[in-house]
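Only one structure is covered here, and it is reproduced in the block below.
Every value quoted in this text rests on a predicted model; they were computed, and no experiment measured them. Indexing begins at 1, ligand by ligand and atom by atom, following the structure's order.
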Amino acid sequence: MTIDLVAPEGVDVTSGAADVLTAEGLVKKFGDRSVVDGISLRVGKGEILGFLGPNGAGKSTTIAMLTGALAPDEGSISVGGLGLTADPIRAKALIGVVPQEIALYPSLTARQNLAFFAGAYKLPRRLRDERIDWALDVVGLTDRAGDRVSSFSGGMQRRVNIAAALLHKPKLLFLDEPTVGVDAQSRNQIFETVLRLRAEFGMSVVYTSHYMPEVEQLCDRIVIIDDGRVLAEGTQDELLEPLGEGLLEWSLNEAESALLPKGVEDLAVAFTAHGEVTVTAATLRVRVTDMPATLRRVSDLATEHGLGLGGIKLGRPDLESLFLDLTGRQIRDGA
Ligand SMILES: Nc1ncnc2c1ncn2[C@@H]1O[C@H](COP(=O)(O)OP(=O)(O)OP(=O)(O)O)[C@@H](O)[C@H]1O
């Protein structure tokens, strides 16, 4: 069965609320376990929302619900003011989904693949050529339109996949790890595509990625989830503000640890007045409130105990460190 995925002309997501998507209290259980446990989120018009979480946090399950592929056990989702449960066909017509897997016919050209999708999505015939040309242009593949997809790099195939999701000009595009296994040129092109879709059409994007620099570069707002719940939400500045002025990480090697009666724990005591301190194995981390004062302290301690400075890293707070702070895990664990 095919569904009609032509965005309904009558639905104006620019009027009324500025949010193109709102989800309230989403719950999904598999057996007794709530894999998604009360997630609420919104996506503004023209907003690029980073949706992050460690492996198994519940991202895919949440996105499956937001795109209408999986029914929530509890909660509600509205797209462009249309209830995804009450009015699924018209609501889904406002959404484009780019899955991680490449779903193309390798022996067909890029244009033939897109023509196939245009037909499957019941795009009116009069619009097909124009939309295919437009989508190829947006993903930067106009000059390769007549080439077989089997001759494309993984990144180019991903771009054809993105073009397929754009044919009905959705108001909201879901991109699930779009740059995994993608060459640098296609990665840059994907960024350009996202920014152009926002600039020219006010398209909104939900972007999942394990690459923090990408998220920092592209996303206006970020939602971080773990264990099926929202841990933090906001702009980068809002999220990073509580992390203080900077981060000090000091790892002691075995010989250095032996120079201190209680090893790294002694350092933890020495920095308590300098910010929030955490210790993992032989590494001390301090969210620094006054960097010059902390650096003086480092220097004094190193001189006093004969410690080297090789194990010291200083950094500005970034999403990677925020993520570690919130979840206790690196975002790339097991990725
Ligand atoms: N159909 C299912 N039946 C049972 N458990 C499931 C099912 N789908 C997902 N899960 C479990 O739900 C949890 C969340 O999975 P989900 O795929 O949503 O996480 P994720 O954040 O997308 O992870 P990843 O980054 O690894 O893709 C995992 O523990 C997973 O094993």
Query raised in the report: Looking only at protein heavy atoms, which one is nearest to atom 15 (O) of ligand 1, and how far off is it?
Result: T61 OG1, 3.9 Å

Requested in this report: Determine, considering heavy atoms only, which of A64, G56, S34 sits nearest to atom 24 (P) of ligand 1.
Outcome: G56

Report task. Run the ring-centre check on F51 versus Y207 and record whether the distance is less than 6.0 Å. Result -> no

Query raised in the report: So which of Q100, H210, R158, K59 actually passes side chain to side chain donor-acceptor pair (under 3.5 Å) with E177?
Result: H210

Query raised in the report: For R187, does the CZ atom have more than 12 heavy-atom neighbours from other residues, nucleotides or ligands under 6.0 Å away?
Result: yes

**Report entry** Sub-4.0 Å protein heavy atom next to atom 13 (C) of ligand 1
**Finding:** yes

Report task. Give the residue and atom name of whichever protein heavy atom lies nearest to atom 30 (C) of ligand 1, and the separation in Å to one decimal. Result -> R33 NH1, 4.5 Å

Query raised in the report: Closest heavy-atom contact between V279 and A268?
Result: CG2-CB, 3.7 Å

Query raised in the report: Among protein heavy atoms, which lies nearest atom 1 (N) of ligand 1, and at what distance?
Result: F30 CE2, 3.6 Å

Query raised in the report: Above 12 or not: heavy atoms from other molecules or residues under 6.0 Å from CZ of R229?
Result: no

Report task. Considering heavy atoms of the protein only, find what lies nearest to atom 20 (P) of ligand 1 and give residue, atom and distance to 0.1 Å. Result -> K59 N, 3.5 Å

Query raised in the report: Does any N or O atom in T62 lie less than 3.5 angstrom from one in ligand 1, N or O only?
Result: no

Query raised in the report: Mind checking whether G58 has an N or O less than 3.5 Å away from an N or O of ligand 1?
Result: yes

Query raised in the report: Have R148 and S107 got a donor and an acceptor in their side chains that come within less than 3.5 Å?
Result: no

Report task. Could you tell me whether the side chain of Y105 reaches within less than 4.5 Å of the side chain of V149, counting heavy atoms only? Result -> no

**Report entry** Donor on one side chain, acceptor on other, D176 and T208, under 3.5 Å
**Finding:** yes

Query raised in the report: Among side-chain atoms of E214 and S209, is any donor-acceptor pair under 3.5 angstrom?
Result: yes

Requested in this report: Output the list of atoms in ligand 1 that are nearer than 4.0 Å to some heavy atom of A57, sorted by atom number.
Outcome: 19 (O), 20 (P), 21 (O)

Query raised in the report: Any N or O of N55 that comes nearer than 3.5 Å to an N or O of ligand 1?
Result: yes

**Report entry** Protein heavy-atom partner closest to atom 17 (O) of ligand 1 - residue, atom, separation in Å
**Finding:** S60 CB, 3.5 Å

Report task. Could you tell me whether V35 approaches ligand 1 through its side chain, its backbone, both or neither, with non-hydrogen atoms closer than 4.0 Å? Result -> side chain

Report task. Give a yes/no on ligand 1: does P54 have at least one heavy atom closer than 4.0 angstrom to it? Result -> yes

